Amino acid sequence: MRAFAALYEELDTTQSTNLKVAAMSRYFREAPPADAAWATYILSGRRLKRFIGPALLKRWLIDEAALPEWLIDEAYASVGDLAETIALLTAGTAHSEATADDLPLADWIEDRLLPLRDADDDIQRQSITGWWRQLPYRQCFLLNKLLTGELRVGVSQLLVTRALAEVTGIERTELAGRLMGEWQPGALFWQGLHAAESPRTDPAVPYPFFLASPLEGEPSQLGDREAWQAEWKWDGIRGQLIRRAGECHLWSRGEERITERFPEIVDAAARLPDGIVLDGEVVAWKDGSIQPFALLQQRIGRKKLTAAILATVPVQFLAYDLLELEGQDLRAAPLRERRAHLEKLLADASPLLQISPLVIGSTWDELAGARADSRQRNVEGLMLKALDSSYGTGRQRGAWWKWKIEPHSFDAVMIYAQPGQGRRSNLYTDYTFGVWREQELVPVAKAYSGLSNPEVEQLDRWIRAHTLEKFGPVRSVEPSQVFELAYEGIAASARHKSGIALRFPRILRWRADKPASEADTLANLQAMLMQAPDEVRRSS
Amino acid sequence: MPPPLVTVTENGLYCPAGGFHIDPWRPVDTAVITHAHGDHLRHGSTRYFVAEPGVAIARHRLGTDHHPMPLKYGEQLQLGSTTISLHPAGHILGSAQLRIEHEGQVWVVSGDYKRQPDPTCAPFEPLACDVFISEATFALPVYQWQPTVEVVEEIFHWWRANRERGLASVLFCYALGKAQRVLAELRAFTDETVYLHGAVNVLTEVYRQQGVEMVPTLPVTGERKTDYKGALIIAPPSAAGSPWMRRFGDHSSGFCSGWMRVRGNRRRRGYDRGFVLSDHVDWPGLIETFKATGARRILLTHGYSDALARYLNELGISASALETAYGDEEQQ
């Protein structure tokens, strides 16, 4: 586990993507096959379910460190991460990374961690606290991350496949495919990754999604309008609909199987010929038009789909690409060809399977005009796709662009701040904002992102110097700083004091030029809510 | 109970019986200085007392028209009705603790200090006292320093690995103290020349004149085209991201600070590597020091004063926090 802990540390701190790829390649070359397979599993974003809850780990830590609970809490608040706090307090400095005993990563997981699930409390405690005492810091941290089920590594799937391609000599797209679906990490899987031919055995396995990059600036930089296809950017759930071997499967972009959540779409797909894979968007659809994401969200949240919810939130699949036809992988074909096949295929399909229409406009200016209507249409803007592009893997820039509209925004006053998690653990980075109702500021949004690092640090100093009161980690601050906040959606909510819930609020800019008295009022926000569609106003 | 020997005034820590200030943050008549970092040694006072090994640095910082008065470590001086003396604090060259004796009472002001050995300065000496005023920059139990040699070895390996990849290594260190400590510790691994940013270079020259042994150094100059591929460069953190950095081309960046012990800080600062090397006392060092002084009361400045005071009170050691205007050079 030492080598993997060192790799984790390197990936965690290094800024250069080339160095990240080099570090992974080096690890894959040197590690035993089973370790390399587990590392691939972890690096590609898969997670082992949590072994032990944080409350229990904290209780053991209090005893191990022989420190009062409040001081552990103080340390935790300052570090921002329990796994790391434990490692810092227990691993001590006695064991150096180089000299401590080492056990392969696969053995750690298979022989030590997995059996823990069935062990009784005493054994769990003895094993884990024993490891804490014995492991040097980096490995202790990694172990705790595995125990709490929170091990995430800051590399994209694209970088992982780049490193794997260097090591195996297999093409990246092919590798990305081999990493899809469900698989068991082990030496066998690792050998399979190297195999020249890999027969696709599981018909449920999706293709890796091709992702668009945000378009900054004007689309004229893309060249001729004729070389591009324009579609609406739907506000739904990106999905891959698979019709193979007499079965239907629906996968979300997060590689989650969502087949059971949308039975009507799956039923409609069952009427398609076999050997088809569609890429598209699941959207809430009523009376011939798309509904706000807030409505779809009500359905995602339900454990059980009742007839009532199926009726309140009808859905549709808007297909925009065809990845497989008659069992043949079409991804290398140009988009104009795939689109032609798609149009033919869906010509007589169920109304629940619609083709995502092209947006008409013979010049970039005309498209810009269409994009200006996005808000009325409940879409997020336009998608621009190169007509002669193949269907790539991950976020490869150049062929697919999302040209989103400017978000809604309003001005609010910062009223509370608290420290962030992880890399922002000893900075005040989580802010609560309020708008005016008479003489009072009512909290309407929490936002974490949108400021530059220097701004965050400047604001942190300001917060420390202008704290009114402390409640645990939260500070109330002098209500004088105004921020322009953006959001994607607005809905009525009985759970919020303001009566309003904002979707994806974030900071657009710090309005140092504005006095707090000029921030927006709750009445302004309520007016924005009234402009939103009926379903949302009544929802939640 | 006798009146306090040291109080906090708007000008800084003040000793009424001695009529002097300690590291004042505004100009005063008499200033006794624990060390030459900017937040402890400020311009404008009439008279300065500093520990003798720190005179050259203090003059460099204050300008040559100032003549800080040197006190040998342990040498006693009457100020007002007090007897004062300066004793090694192990923080940087010439850093001192201030011992104040008055009518049978002894107070010690630690200034900034550390308990790890440091080849560039005399080691911290615990002093028996009634009241100990201590810094608390890193006063949380997560801050425990690993042996210095291990950290310097990490720095050395990082430099070598970068060289193999054809990269320059730019190590950001506070220009006074940390940089020279790294240069001195590197002697155990190499006698290769290290390149220095101008701000680091002048202070390194002052150290060298005081007889501190370090690896050979050269200033980074704009004149001739030096190829920095594979070289180690030491620069102050303020140089990060500045146009000055362009001359190094592809490089890996590292940062030396006690704050690098926490992952969130390592990631947020955006350096490729963080090295946990501090000139401040760590958590075990604080507790050990308090016991060694035998002080019946501990007063705390900087950092996590509140948490440490509460912990000490729970252990039965009377402690409280003092509000001061001292900063933290390791944050910079």
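Just so you know, these numbers use all the heavy atoms, side chains as well, and skip hydrogens, waters and symmetry mates. Below, read A as the first sequence line, B as the second, and so on, with proteins coming before strands; counting in each chain starts at 1. Small disclaimer: the values here were computed from a predicted structure and weren't measured.
No side-chain heavy atom of A:Val79 sits less than 4.5 Å from a side-chain heavy atom of B:Leu140.
Of the two parts of B:Arg165, only the side chain, counted from C-beta on, holds a non-hydrogen atom closer than 4.5 Å to a non-hydrogen atom of chain A. When heavy atoms are compared at a cutoff of 4.5 Å, A:Leu19 approaches chain B solely by way of its side chain, counted from C-beta outward.
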* Please assess B:Gln146 against A:Tyr137 for the test side chain to side chain contact (heavy atoms under 4.5 Å, CB included), listing each intermediate value before the final yes or no. => CA-CA 11 Å; B:Gln146 66 196 100; A:Tyr137 166 75; over 6 Å; no
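For OH of B:Tyr304, the number of neighbouring non-hydrogen atoms (other residues, nucleotides, ligands) closer than 6.0 Å is greater than 12. Residue B:Asp250 places its CG atom among 12 or fewer non-hydrogen atoms of other residues, nucleotides or ligands, all under 6.0 Å distant. Within 6.0 Å of the CZ atom in A:Arg47, the count of heavy atoms belonging to other residues, nucleotides or ligands exceeds 12.
For a heavy-atom cut-off of 4.5 Å, chain B lies close to A:Leu67, A:Pro68, A:Trp70 in residues 57-70 of chain A.
Residues A:Leu89 and B:Val142 share a closest heavy-atom pair of CD2-N, 3.7 Å.
Contact count versus chain B (heavy atoms, under 4.5 Å) is highest, among A:Asp12, A:Leu71, A:Thr13, A:Thr85, for A:Asp12.
Summarising the geometry, atom CZ belonging to B:Arg261 is positioned 9.0 Å from atom CD belonging to A:Glu84; distances are rounded to the nearest 0.5 Å.
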